[in-house]
2 protein chains.
Amino acid sequence: MDRFTALRVFRQVAEQGSFAEAGRKLGLSPPAISKNIAELEAHLGVRLINRTTRRMALTEEGKTYLEHVSRGLDALIEGETALSSARSSPVGTLRVSAPMTVALIRLSEAIPEFLSRHPDLRLELHLDDRRVDIIREGFDLAIRGYSNLEDSSLIARKLGVMSHVLCATPSYFATHGKPQTPSDLAKLDHIRFPHGPNADIWEFRKDGQIERIAVATRYSVSSSLAVRDALRAGFGVSLIPHQYVEKDLQEGRLETALDTWRTAEVTHYAVYPSRQHLAPKIRAFLDFLVRQFAYGRIADR
Amino acid sequence: MDRFTALRVFRQVAEQGSFAEAGRKLGLSPPAISKNIAELEAHLGVRLINRTTRRMALTEEGKTYLEHVSRGLDALIEGETALSSARSSPVGTLRVSAPMTVALIRLSEAIPEFLSRHPDLRLELHLDDRRVDIIREGFDLAIRGYSNLEDSSLIARKLGVMSHVLCATPSYFATHGKPQTPSDLAKLDHIRFPHGPNADIWEFRKDGQIERIAVATRYSVSSSLAVRDALRAGFGVSLIPHQYVEKDLQEGRLETALDTWRTAEVTHYAVYPSRQHLAPKIRAFLDFLVRQFAYGRIADR
DNA sequence: TTTATTATTCTCTGACAGTAAATGATTTCT
DNA sequence: AGAAATCATTTACTGTCAGAGAATAATAAA
């Protein structure tokens, strides 16, 4: 028996005082009403409605049951309406995990405007270079710089690719010699960034040819911004996203090398649990991300 | 979709934190759990549970929905338990309609004991010689002295037969002459009781022979007890249930006539709306009635 | 690695909710 | 008064759907 409709029928009948009228309101045939009431009574073992063909009245038990049923149905319906706003517009709290540096470079400036565009949205942005378990920790979305996450049942939306450049200060190159081939790097000091796929091996590609350099380093630091600081201080060379050192290159603080070689790339993904019934708040943030990274790509020029 | 089970599944999954475990508790297979959740989400257009094969967590919307669902289901379950007592023992208020005189003769003495036997029962006994519409006026049961009520959809339980006697005061018979045949009644004063099938025609039967007397009367009164009072005052003759004048006959205040003729009978019925899911409180009162009328029949001897 | 558990998809089947037509009962209209 | 209309219910009947079973994919633990 479909209890839910039986209960709705019961309430409607009680309100209308008529089987036929209840049937009309609910879009059901009179036999359906009869059957629902009869089955509900059979299930409860209690007569709810005294009725002849012409008159009907709730029994005492029917009246008490009706009160509970009404409260129950109202709560359930209220629950649906509570969700209807979440289904149609971005509301609620959005929990997002993102790597520190990406967030600082790509997002943090634009977030205030994003939030002011969605006044009913609250954002919890957790900046963390860890690879978080978004289900366990309850994140709606995470940004990741890993490319090999297609296996999971999660959905990964590609946001953009960050090309890396090899660079150091002009003076460092002046004293240690500017490398002409990847193998020249062996003589230099490497600053290591432990996250990402290129932590311990730097790859350089040109014309189908691949050179791999083992990273030997005295300084490993898990933030690209700290890597940049070390570069600026003239400590050595490193691979770093072009974006992060754009200004330094323009203003001559840093200098690139091996420009003709293609090297490491980091592809950023937005990862979220499911494509089905994607909440508008997630949808909105996804769109925001895509826009931000697209804009960033132009700035990469 | 069966919303009721879907909601129960949803709550169980949320409580257990596992689809499989919820399935075990509810006696459903894993696919059934999956499907229920998926269909519920489809109906709402909202993702309620983020899940991989190994981990699951309610979404923000899922959490708010769960609260409503829990409240709703609790109310419904509470409603069922509220009825369970009414299904198993006589509790609540019992509304009964009965003719004044029958109630006084057969019931009122015994009712206190009946009520003390069922401490959770309240009785509203409406004494009214009217023929009430038990559905419209919300009675659980009515006692009627009419025999021709088999047509209705109501249930009629035969309680007992009251035989009538023709009587008057000895002095009345002395002055007006004691009737030897029904036709002798024409000369006497008739006290009329308007309810019942024998209001205007008195029938007398003997040996397959039927005599009918048209009642011509100056005094019609709708209570048998008032008829008795008029008889005692020597106003005339009347047909009255033997039971009502038992003492008067024993003590010589009244006297019967035409004893060899069979005359009017009133059959009393207990009438109630339905045999299906008969409430214990009604059941108990019915049993009480049957017992009372059976006892009364013995007293008729 | 293997093994075990979990969620999901697919296919299939029995049950069942609903409809239409017919019946019985009662009220209201003419 | 009778006739017509409305109402609840019963009886077939049908299309749908909820659930089980087997198979698959994903993940965690041993």
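Chain naming here is simple, since letters A, B, ... match the order of the sequence lines and numbering starts at 1 in each.
In terms of position on DNA chain C, the residue among Ala32(A) and Gln276(A) whose nearest nucleotide sits closer to the 5' end is Gln276(A). Where Ser18(A) and Asp2(B) meet DNA chain D, the nucleotide closest to each residue was compared, and Ser18(A) sits on the side nearer the 5' end. Closest-nucleotide positions on DNA chain D for Pro31(A) and Glu39(B) were compared, and the one nearer the 5' end corresponds to Pro31(A).
Within 6.0 Å of atom CE in Met1(A), more than 12 heavy atoms from other residues, nucleotides or ligands are found, so the atom counts as buried in its surroundings.
Contact annotation: Arg51(A) does not reach the phosphate of dT26(C) (side-chain N/O to OP1 or OP2, under 4.0 Å). The side chain of Ser34(A) contributes an N or O atom lying less than 4.0 Å from OP1 or OP2 of dT9(D). For Arg24(A), no side-chain nitrogen or oxygen approaches OP1 or OP2 of dT6(D) to under 4.0 Å. Using a 4.0 Å cut-off, some side-chain N or O of Arg55(B) falls inside it from OP1 or OP2 of dA28(D). Taking side-chain N and O atoms only, Arg54(A) has no distance below 4.0 Å to OP1 or OP2 of dT28(C). Contact annotation: Thr53(B) does not reach the phosphate of dT6(C) (side-chain N/O to OP1 or OP2, under 4.0 Å).
Atom CG of Leu154(B) is separated from atom P of dT9(D) by 13 Å (rounded to the nearest Å). Rounded to an integer number of Å, the gap from Asn50(B) CG to dA7(C) C1' is 14 Å. Straight-line distance from the CD1 atom of Ile37(B) to the C1' atom of dG19(D): 15 Å, rounded to whole Å. At whole-Å resolution of the value, CE in Met1(A) and P in dA18(D) are 15 Å apart. Nucleotide dA4(C) holds its P atom 19 Å from the CD atom of Glu21(B), rounded to whole Å. In this structure, Asn36(B) atom CG and dA7(C) atom C1' are separated by 14 Å, rounded to whole Å. Here the P atom of nucleotide dA17(C) and the CG atom of Leu7(A) are 13 Å apart, to the nearest Å. One can place CD of Gln16(B) at 12 Å from P of dT6(C), the figure rounded to the nearest angstrom.
Residue-level contact check: Gly27(B) touches the backbone only, with heavy atoms under 4.0 Å from sugar-phosphate atoms and none from bases. The residue Met56(B) sits apart from the nucleic acid: no heavy atom pair falls under 4.0 Å.
Comparing dT19(C), dT6(C), dG19(D) by their closest approach to the side chain of Thr5(B) singles out dG19(D).
Contact of the Tyr272(A) side chain with the Leu278(A) side chain is registered, since non-hydrogen atoms from C-beta on lie closer than 4.5 Å.
Here the rule is side-chain contact (heavy atoms from CB on, under 4.5 Å) with Leu26(B), and of Val9(B), Asn36(B), Val13(B) only Val9(B) fits it.
Salt-bridge annotation for Asp74(B) and Arg11(B): present, with a side-chain N of the basic residue lying under 4.0 Å from a carboxylate O of the acidic one.
Ring-plane geometry between His268(A) and Phe293(A) is classed as tilted, the angle between the planes lying from 30 to 60 degrees on a 0 to 90 degree scale.
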